[in-house]
**Q** 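Please read through the structure below; I'll follow up with questions.
Reckoned from all heavy atoms, side chains included, excluding hydrogens, waters and symmetry mates. A, B, ... follow the sequence lines: proteins, then strands. Residue 1 opens every chain.
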Amino acid sequence: MTTPETDHHHQPPMIGRREDHSPGDEPIEDSGHWIRNANMGLALSVLLTAAAFLLAGSDVIYGPAVPVALAVLAIAQMGVHLVFFLHITTGPDNTNNVLALAFGVMVVFLIVFGSIWIMNHLSENMMPMPVGQMMQMQP
Amino acid sequence: MTDTGLPASVEAVRRVREDPHRLGHRSHGPSEPVAGAGHGDTGPASKRIIVGYGFWIYLLSDIVLFSCFFAAFAVQRSATAGGPSIEQIVDIGRVAIETAVLLLSSYTCMLSFAASNARNVMRTQIFLAATGLLGLIFIIIEFQEFAVLAAEGITPQRSGTLTSFFGLVGLHGLHVSAGLLWLLTMMAQIQVKGFRPEITHRLICFNLFWHALDIVWIGVFTIVYLMGAGL
């Protein structure tokens with residue numbers, strides 16, 4: 001049922017072979033480690049998620065630092081997902097995937113922080129509106 | 001440097017000799033064409049790589065779409081218009097269950113793809129079914145959350161905060177629902193057609209989609225539920 005195209009993973013790795021690999025697929029030198037990767041990804045994710053939920057509900061660390069800690073944990077967990085589940089690595093066979101990701105992250109950054117920046121300025125320059133008048137505007 | 005010549009100019013002279021009119025016909029890269037790397041006569045990369053890469057581009061654009069909803073939520077977060085704020089409508093226990101369920105489904109999804117790489121129909125189907133079941137539980141819990149809120153009169157049209165809240169969480173729920181439909185069709189296709197190349201390619205895409213949904217959920221539970229709840 002298999003064709004040569006799907007079999008490229010079962011070929012012995014060639015020295016200097018520089019074929020890309022698709023995101024979500026395993027690089028040739030790494031194939032056969034699917035389940036190990038899944039287990040490591042799950043273990044790290046559980047650890048980071050549990051840490052986030054525990055931190056959010058407690059005062060173990062300095063209160064105003066909690067959002068920063070949550071952001072760090074979230075970014076770390078996204079990294080864990082990218083590496084262990086999506087197999088985005090720093091290998092030369094992955095350059096295209098990483099570049100596309102970098103561009104995506106840049107666009108996301110521009111949209112989110114640009115919106116927050118602009119809308120904060122807009123809201124600072126708005127005329128203050130009394131609460132009573134605001135209630136009247138509701139449907 | 002040990003050689004006495006000027007390496008840059010030597011290189012330039014060699015280039016001019018080999019390609020006097022700068023037509024770029026000089027060979028480059030490995031002398032042997034690398035199969036599937038787009039060199040020489042071998043053509044573009046194999047379909048497995050192209051399909052996965054194309055879907056990766058789509059996923060990134062989908063994440064850009066989500067980022068717009070995140071931006072709207074960040075802007076509208078305090079626009080409660082006298083209505084309930086996020087911290088009043090969040091139930092952390094329910095969110096913890098949702099998170100656990102979605103993370104586990106990502107894990108079983110990966111196990112199913114490991115099984116399909118080992119060409120094991122039985123295990124692939126079992127793990128895909130487990131993934132689908134966990135996804136379904138996630139959707140039901142989320143739907144129940146929305147129903148409870150709606151029963152209290154907390155609906156998207158109440159305030160800007162709630163519009164952006166329901167928009168963001170609902171968009172993610174919609175993606176999970178679409179993913180569930182896709183999962184069912186994939187199970188049927190594996191059963192009927194087996195692991196043909198195009199089915200494997202679709203499985204790669206489905207895996208990417210499901211893991212990306214989990215990545216988006218990390219953002220949702222961190223920014224909307226944990227930070228928004230102001231705990």
Side-chain angles (χ1 to χ4, degrees), chain A residues 1-3 5-6 8-9 16-26 31 34-35 37-39 41-42 45-46 49 52-53 55-57 66-67 70-71 73-74 77-78 81-82 84-86 96-97 100-101 103-104 107-108 111-116 119-120 123 131 134-135 137-139, chain B residues 30 34-37 45-53 55-57 59-61 63-64 67-68 70-72 74-75 81-82 92 95-96 99-100 103-104 106-107 109-111 113-114 117 119 157 194-197 200 204-205 207-208 211-212 214-215 218-219 221-223 226-227 229 231:
Chain A
M1 221 41 192
T2 57
T3 66
E5 192 203 332
T6 52
H8 77 271
H9 269 227
R17 188 187 165 100
R18 278 291 167 256
E19 191 171 347
D20 284 358
H21 83 264
S22 106
D25 214 349
E26 294 243 320
S31 50
W34 289 97
I35 299 188
N37 272 341
N39 289 338
L42 182 72
S45 298
V46 166
T49 312
F53 273 87
L55 260 188
V66 167
L70 289 179
L73 285 171
Q77 202 181 335
M78 286 174 187
H81 273 254
L82 283 176
F84 291 105
F85 289 159
L86 293 168
N96 287 332
N97 306 341
L101 175 68
F103 181 69
V107 174
V108 166
I111 289 176
V112 172
F113 288 94
S115 301
I116 292 174
M119 296 309 283
N120 265 342
S123 123
V131 179
M134 215 150 75
M135 298 301 275
M137 284 171 59
Q138 281 169 24
Chain B
V34 179
S46 72
K47 198 149 185 196
R48 184 176 175 121
I49 293 163
I50 289 178
V51 168
Y53 185 67
F55 198 77
W56 178 231
I57 300 289
L59 278 182
L60 289 169
S61 73
I63 284 174
V64 168
S67 82
C68 295
F70 273 110
V75 167
I92 284 293
V95 179
T99 306
L103 181 58
L104 263 183
S106 224
Y107 178 68
C109 190
M110 175 115 185
L111 289 186
F113 194 53
N117 269 288
R119 300 282 182 274
Q157 58 266 44
F195 292 115
R196 299 205 311 224
T200 317
I204 290 180
C205 295
N207 269 266
L208 284 172
H211 294 315
D214 206 13
I215 289 182
I218 296 169
F221 84 70
T222 303
I223 290 169
L226 295 185
M227 286 186 193
L231 288 167

**Q** Going by ring-ring contact (aromatic ring centres under 6.0 Å, His included), name the residues that satisfy it together with B:Phe70, two or more places apart in sequence or in a different chain.
**A**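 Checked B:Phe70 against ring-ring contact (aromatic ring centres under 6.0 Å, His included); zero matches.
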**Q** Where does A:Leu73 contact chain B at under 4.5 Å (heavy atoms): side chain, backbone, both or neither?
**A**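 Answer is neither: A:Leu73 stays 4.5 Å or more from chain B.
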**Q** With distance as the sole test, does B:Trp56 use its side chain to make a donor-acceptor pair with the main-chain N or O of A:Ala100 at under 3.5 Å?
**A**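 Answer holds: no.
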**Q** Sort A:Phe84 into side chain, backbone, both or neither according to what part of it lies under 4.5 angstrom from a heavy atom of chain B.
**A**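 Only the backbone of A:Phe84 comes within 4.5 Å of chain B.
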**Q** What option among B:Leu111, B:Ile223, B:Thr222, B:Leu208 has the most heavy-atom pairs under 4.5 Å with chain A?
**A**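 Most heavy-atom pairs under 4.5 Å with chain A: B:Leu208.
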**Q** Could you report the tightest heavy-atom contact between B:Gly52 and B:Ile204, atom names first, then the distance?
**A**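 Reported closest heavy-atom pair: CA-CG2, 4.5 Å.
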**Q** When rounded to the nearest 0.5 angstrom, what distance separates CG in A:Leu42 from OG1 in A:Thr49?
**A**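 It comes to 9.0 Å.
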**Q** Do you know which of A:Ala74, A:Ala71, A:Ser22 has the most heavy-atom pairs under 4.5 Å to chain B?
**A**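 Most pairs with chain B among the choices: A:Ser22.
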**Q** Given a strict heavy-atom distance threshold of 4.5 Å, which part of B:Phe113 is in contact with chain A: side chain, backbone, both, or neither?
**A**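 Interface part for B:Phe113: side chain.
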**Q** Shorter than 4.5 Å, heavy atoms on both sides: which option in B:Ala71, B:Cys68, B:Gly219 has the most such pairs with chain A?
**A**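 Top option by heavy-atom pairs under 4.5 Å: B:Ala71.
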**Q** B:Ile57 versus chain A, heavy atoms under 4.5 Å apart: side chain, backbone, both or neither?
**A**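 Answer is side chain: those atoms of B:Ile57 sit under 4.5 Å from chain A.
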**Q** Quick one: what part of B:Ile215 sits under 4.5 Å from any heavy atom of chain A, side chain, backbone, both or neither?
**A**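 Both parts, backbone and side chain.
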**Q** At a heavy-atom separation under 4.5 Å, does B:Val51 approach chain A through its side chain, its backbone, both, or neither?
**A**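 Neither; nothing under 4.5 Å.
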**Q** Let me know if A:Asn39 has heavy atoms under 4.5 Å from chain B in its side chain, its backbone, both or neither.
**A**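 For A:Asn39, heavy atoms of backbone and side chain both lie under 4.5 Å from chain B.
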**Q** Does the side chain of B:Pro197 come within less than 4.5 Å of B:Arg48's, by heavy atoms?
**A**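 When only atoms from C-beta onward are counted, B:Pro197 and B:Arg48 do not touch, as no gap falls below 4.5 Å.
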**Q** Heavy-atom distances under 4.5 Å only: say whether B:Val64 touches chain A with side chain, backbone, both or neither.
**A**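 For B:Val64, backbone and side chain are both near chain A.
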**Q** With a 4.5 Å cut-off on heavy-atom pairs, point out which of B:Ala74, B:Ala96, B:Ala72, B:Ala100 contacts chain A the most.
**A**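 Highest number of heavy-atom pairs under 4.5 Å: B:Ala96.
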**Q** So which of A:Gly104, A:Pro23, A:Ser115 has the biggest tally of heavy-atom pairs under 4.5 Å with chain B?
**A**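 Top option by heavy-atom pairs under 4.5 Å: A:Pro23.
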**Q** With under 30° as parallel and over 60° as perpendicular, where do the rings of A:Phe85 and B:His211 fit, or are they tilted in between?
**A**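 A:Phe85 vs B:His211 ring planes: parallel.
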**Q** So A:Val112 and B:Ser67, do their side chains get closer than 4.5 Å, heavy atoms only?
**A**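 Yes; the side chains approach each other to less than 4.5 Å.
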**Q** Kindly indicate whether the side chain of A:Gln77, heavy atoms from C-beta on, has any atom under 4.5 Å from the side chain of B:Asp214.
**A**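 No - every pair of side-chain heavy atoms lies 4.5 Å or more apart.
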**Q** If you round to the nearest 0.5 Å, how far is CZ of B:Phe221 from CG of B:Leu226?
**A**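 It is 6.0 Å, given to the nearest 0.5 Å.
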**Q** Top residue by heavy-atom pair count (under 4.5 Å) with chain B, among A:Val46, A:Val107, A:Leu101?
**A**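 Counting heavy-atom pairs under 4.5 Å, the top option is A:Leu101.
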